[in-house]
Each structure stands twice: as C-alpha cells, then as structure tokens.
Amino acid sequence: MPSNTPPSGSSKMDQIVAEARRNRERREQDYREQALKIYPWVCGRCAREFTRANVLQLTVHHKDHNHDNNPPDGSNWELLCLYCHDNEHQRQLEAAAGSSEVGAGGTAATHSPFANLKSMLGSKG
C-alpha cells in the first residue's frame, strides 16, 4: 500500500543529487564518445598513443573549462592523458590562486636570503 506522506527533505535532496550525477555521467559519456570518434587516440600534450586496452586513461579536456560547452564539431575538446589533464587543471588552480592573492591586496615575497652573500663570503678568510 503506497504511502501518501511526502519524502523527507534529505531523501528528496539525495534524489536530486543522484539525478544530477546521472545526467552529468550521461552528458560526459556522450561527448567522450564523440571526441574518441573525431580525434586520434593521442594525448594532445605528451603525444602518448592509446589503444583499446588503455583508452580509459585518455580524457576529454574542455579548452574553455566549461563542461556544458560541447559543440558537435569538437572544437572545445582536446584529448589528454590522465597525467596531462590533471596537470592542466592544477596549472589553472595555481594561476587562479596566484592572481587572486596578489591582486586582492596580497603581497609578493620581498625577502632575498642571498642578498648579502658576497659580503658574507668576503669577510671569511
């Protein structure tokens, strides 16, 4: 006998999150399959070649970092191996962190540990 009580807030949220994940996975599968058909199975950075045995290590990178921008011609994609893809995203994070720290009133390092090295070496002897 079905219950007429509405689902609790947490189970409703769990359903929404699960649905969002399924949609993301479905979307990723669609553009991944398209990219693997369009491009040769070679990493765009390190030129490592892939076969059916290791193609799972080849990822689709969005050049503009917008995972919803998936033109059918693949112009926003490049195939990268796991390592190069991780490196690309790490560079983006570091660039964003560096620009926000200095640009938001942060200061760059000014201490130079070897500034007096010549005079220190000259005094020995």
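Note that these values count all heavy atoms, side chains included, but never hydrogens, waters or copies made by symmetry.
- Looking at residues two or more places apart in sequence or on another chain, you find a side chain to side chain contact (heavy atoms under 4.5 Å, CB included) between Arg52 and Trp41.
- Every residue two or more places apart in sequence or in another chain that forms a side chain to side chain contact (heavy atoms under 4.5 Å, CB included) with Asn54 is listed here: Arg48, Phe50, Thr51, Gln57.
- When every heavy atom of Cys81 is checked against every heavy atom of Cys43, the shortest pair comes out as N-SG, 3.3 Å.
- Residues Tyr39 and Gly74 share a closest heavy-atom pair of OH-O, 2.6 Å.
- By the 4.5 Å heavy-atom criterion applied to side chains, Leu82 and Leu56 are not counted as neighbours.
- In this structure a side-chain-to-backbone donor-acceptor pair under 3.5 Å is present from Thr59 to Leu80.
- Shown here are the side chain to side chain contact (heavy atoms under 4.5 Å, CB included) partners of Asp73, two or more places apart in sequence or in another chain: Pro71, Ser75.
- The aromatic rings of His89 and His85 sit tilted relative to each other, their planes meeting at an angle between 30° and 60°.
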Assess the residue pair Arg91 and Glu88 against the criterion (salt bridge (charged side-chain N to carboxylate O under 4.0 Å, His left out)); give the C-alpha distance rounded to whole Å, side-chain angles, the decisive distance to 0.1 Å, and a yes or no. CA-CA 5 Å; Arg91 287 181 1 169; Glu88 175 64 23; 3.3 Å; yes

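- Remark: the Glu19 side chain and the Gln15 side chain contain no N/O donor-acceptor pair separated by less than 3.5 Å.
- Ile38 and Val60 fall within the same hydrophobic cluster, defined by Ile, Leu, Val, Met, Phe, Trp and Tyr side-chain heavy atoms under 4.5 Å apart, directly or through other members.
- Taking NE2 of His65 as the start and NE2 of His67 as the end, the distance is 8.0 Å to the nearest 0.5 Å.
- Residues Tyr83 and Trp77 fall into different hydrophobic clusters, defined by Ile, Leu, Val, Met, Phe, Trp and Tyr side chains chained together at heavy-atom separations under 4.5 Å.
- Counting heavy atoms from C-beta on, the side chains of His62 and Asp68 never come closer than 4.5 Å.
- Screening Asp86, Leu93, Asn87 against Gln90 for a side chain to side chain contact (heavy atoms under 4.5 Å, CB included) leaves a single residue, Leu93.
- Across all their heavy atoms, Asn69 and Asn76 have their closest contact at O-ND2, 2.9 Å.
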